[in-house]
Structures are given as structure tokens and as C-alpha cells.
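First up is the structure itself, then whatever we jot down about it.
By convention here, the first residue in the shown sequence is residue 1. The figures here come from the full heavy-atom set of this structure, side chains too, leaving out hydrogens, waters and symmetry mates.
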Amino acid sequence: MKIIIINGPNLNLLGKRETEIYGHKSFEEYFKELQMLFPEVEMELFQSNHDGILIDKIQEVGFTYDGIILNAAAYTHTSVAIGDAVAAIEKPVIEVHISNIYAREEFRHKSYISPHVKAVICGFGLDSYRLAIQGLIDLQK
Ligand code: DQA
């Protein structure tokens, strides 16, 4: 099983960025833990601060990989184009957020991604990603 985690803008700063919301761990550190937890899953990590680059990656893997875990970060709330890219591909996408976006500012309550994904997981901290991987595994059963 081959999956990819696609992280959007500012998620390269995890561990340094607003640690009261996003925690103290870098994503690279957490990614190693995920690889150890799911040795049977071939896992890739991709991060970009640019919406077009995120769209290119979604298109590139969206017909061949077994699933995508997407945290589009702030683009979640603004990008019709990323929503359209998710709608255009065939493979299941799980939308994740570290924080509970519905418990935060009103502008974070809108997602242009959610209508096109298989499922949404948010509010479990970084553990949202682990739950999403487990969800993709369970979908394959
Ligand atoms: C986020 C929530 C977004 O509202 C925010 O812009 C992010 C991170 C999350 O993972 O909680 O950058 O997607």
C-alpha cells in the first residue's frame, strides 16, 4: 500500500510555529514515528507553501497511489483550485487538521476541500495523521 502525506503552507514550521496550538514536534520527527508504526505502508511526505505546487502533486499521485492524506493548512479555507484538484482525482483523500478548525475563528470553519474527500479528521493534534492512515488501511479491507 502506497500513500502520501501532503502538507500545505507553514506546516514546515511545525515545532516552532504557534506551539500552543500545533505542539513542539517537527513533522519530520513525527513522520519517522508514523513510518515505525506502519511498517507495511509505503509512505511519502510532501510539503509546499505554494498552491500550484500542491495541485501538481495531487494530480501526479491522485490516480496511482492508494490514498492521500491532505492538510492544505490555510489553503483549506481559501483555495477553490485545490478543492477542484481533489474532486478531479480518483484515489481517496482524507483531509486532516491538527487543530479543531471548528473551535477556532469563523474563517476556519469553511473548507473548500471537505466536499470532495472521503473523510475529515481534525482536532487530535498530530495524531490526526495516524488516525487518517489507519482509516486508509481500513478502507482497503
Ligand atoms: C491547520 C488549520 C488551518 O486553519 C491553519 O491555517 C493551518 C493548520 C491545522 O492543521 O490545524 O495552517 O490546517
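Seen from the ring of Phe107, Lys110 does not count as a face-on cation partner, given the 6.0 Å and 45° thresholds.
In this structure the side chain of Ile82 never reaches within 4.5 angstrom of the side chain of Tyr112, judged on heavy atoms. Using a 4.5 Å heavy-atom threshold, the side chains of Phe38 and Met1 count as separate. Counting heavy atoms from C-beta outward, Tyr75 and Asn49 have side chains that stay 4.5 Å or more apart. Taking the side chain as every heavy atom from C-beta outward, Val120 and Ser111 never approach each other to under 4.5 Å. Side-chain contact between Ser99 and Arg104: present, with at least one pair of heavy atoms (C-beta onward) separated by less than 4.5 Å. In this structure, Leu45 and Asn7 have side chains that are in contact, with non-hydrogen atoms separated by less than 4.5 Å. The side-chain heavy atoms of Asp66 and Leu136, taken from C-beta on, include no pair separated by under 4.5 Å.
Between the side chains of Tyr22 and Asn10, no donor-acceptor pair is found at a separation under 3.5 Å.
The number of heavy-atom neighbours closer than 6.0 Å to CD of Glu105, taken from other residues, nucleotides and ligands shown, is above 12. With a 6.0 Å radius and a threshold of 12 heavy atoms from other residues, nucleotides or ligands, Lys91 has its NZ atom above the threshold. The local environment of CZ in Phe31 is crowded, with over 12 non-hydrogen atoms from other residues, nucleotides or ligands closer than 6.0 Å.
Atom CG of residue Leu54 and atom CD of residue Gln59 lie 11.5 Å apart, to the nearest 0.5 angstrom. For the atom pair Ile89 CD1 and Thr64 OG1, the distance stands at 9.5 Å (nearest 0.5 Å). A distance of 12.5 Å separates CD of Glu33 from CD of Glu28, quoted to the nearest 0.5 Å. Taking OG of Ser26 as the start and CG of Leu126 as the end, the distance is 9.0 Å to the nearest 0.5 Å. Atom CG of Asn71 and atom CD1 of Ile121 lie 11.5 Å apart (nearest 0.5 Å). Taking CD1 of Ile133 as the reference point, atom CG of Asp138 lies at 12.0 Å (rounded to 0.5 Å).
Minimum interatomic distance between Ser128 and Gly123 (heavy atoms only, all atoms of both residues): OG-N, 3.8 Å. Counting all heavy atoms, side chain and backbone alike, Tyr65 lies closest to Ile3 at CD2-C, 4.1 Å. Nearest approach of Gly8 to Ala73, heavy atoms of both residues: C-CB, 4.1 Å. The minimum heavy-atom distance between His116 and Gly83, with the atom names listed, is CD2-O, 3.2 Å. Across every non-hydrogen atom of Ile55 and Ala85, the tightest pair is CG2-CB, 4.0 Å. Among all heavy-atom pairs drawn from Lys118 and Pro92, the shortest one is CB-CB, 4.4 Å.
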message: One pair to check against side chain to side chain contact (heavy atoms under 4.5 Å, CB included): Phe27 and Gln47. What are the steps and the verdict?
response: CA-CA 10 Å; Phe27 202 85; Gln47 190 277 332; over 6 Å; no

message: Before you tell me yes or no, could you show the steps for Val117 and Ile94 under side chain to side chain contact (heavy atoms under 4.5 Å, CB included), namely the whole-Å CA-CA distance, both residues' side-chain angles and the distance that decides it to 0.1 Å?
response: CA-CA 6 Å; Val117 296; Ile94 313 289; over 6 Å; no

message: Run Leu34 and Ile5 through side chain to side chain contact (heavy atoms under 4.5 Å, CB included) and show every step you take.
response: CA-CA 11 Å; Leu34 287 176; Ile5 295 173; 3.8 Å; yes

query: Hey, mind stepping through Leu14 and Ile98 against side chain to side chain contact (heavy atoms under 4.5 Å, CB included) and telling me if it holds?
result: CA-CA 10 Å; Leu14 284 180; Ile98 297 164; 3.8 Å; yes

task: Mind running side-chain hydrogen bond (donor to acceptor under 3.5 Å, both in side chains) on Thr76 and Glu95 for me, showing each step along the way?
output: CA-CA 9 Å; Thr76 305; Glu95 175 183 348; 4.8 Å; no

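Hydrophobic clustering (ILVMFWY, side-chain heavy atoms < 4.5 Å, transitive): Phe46 and Leu13 are in distinct clusters. By the rule that hydrophobic residues join a cluster once side-chain heavy atoms approach within less than 4.5 Å of another member, Leu37 and Ile69 end up as members of one cluster. Cluster annotation: Met36 and Tyr129 are assigned to distinct hydrophobic clusters (Ile/Leu/Val/Met/Phe/Trp/Tyr, side-chain heavy-atom contacts under 4.5 Å, transitive). Under the 4.5 Å side-chain heavy-atom criterion for ILVMFWY residues, no single connected hydrophobic cluster contains both Leu139 and Ile4. Residues Ile101 and Leu131 do not share a hydrophobic cluster, clusters being chains of Ile/Leu/Val/Met/Phe/Trp/Tyr side chains in contact below 4.5 Å.
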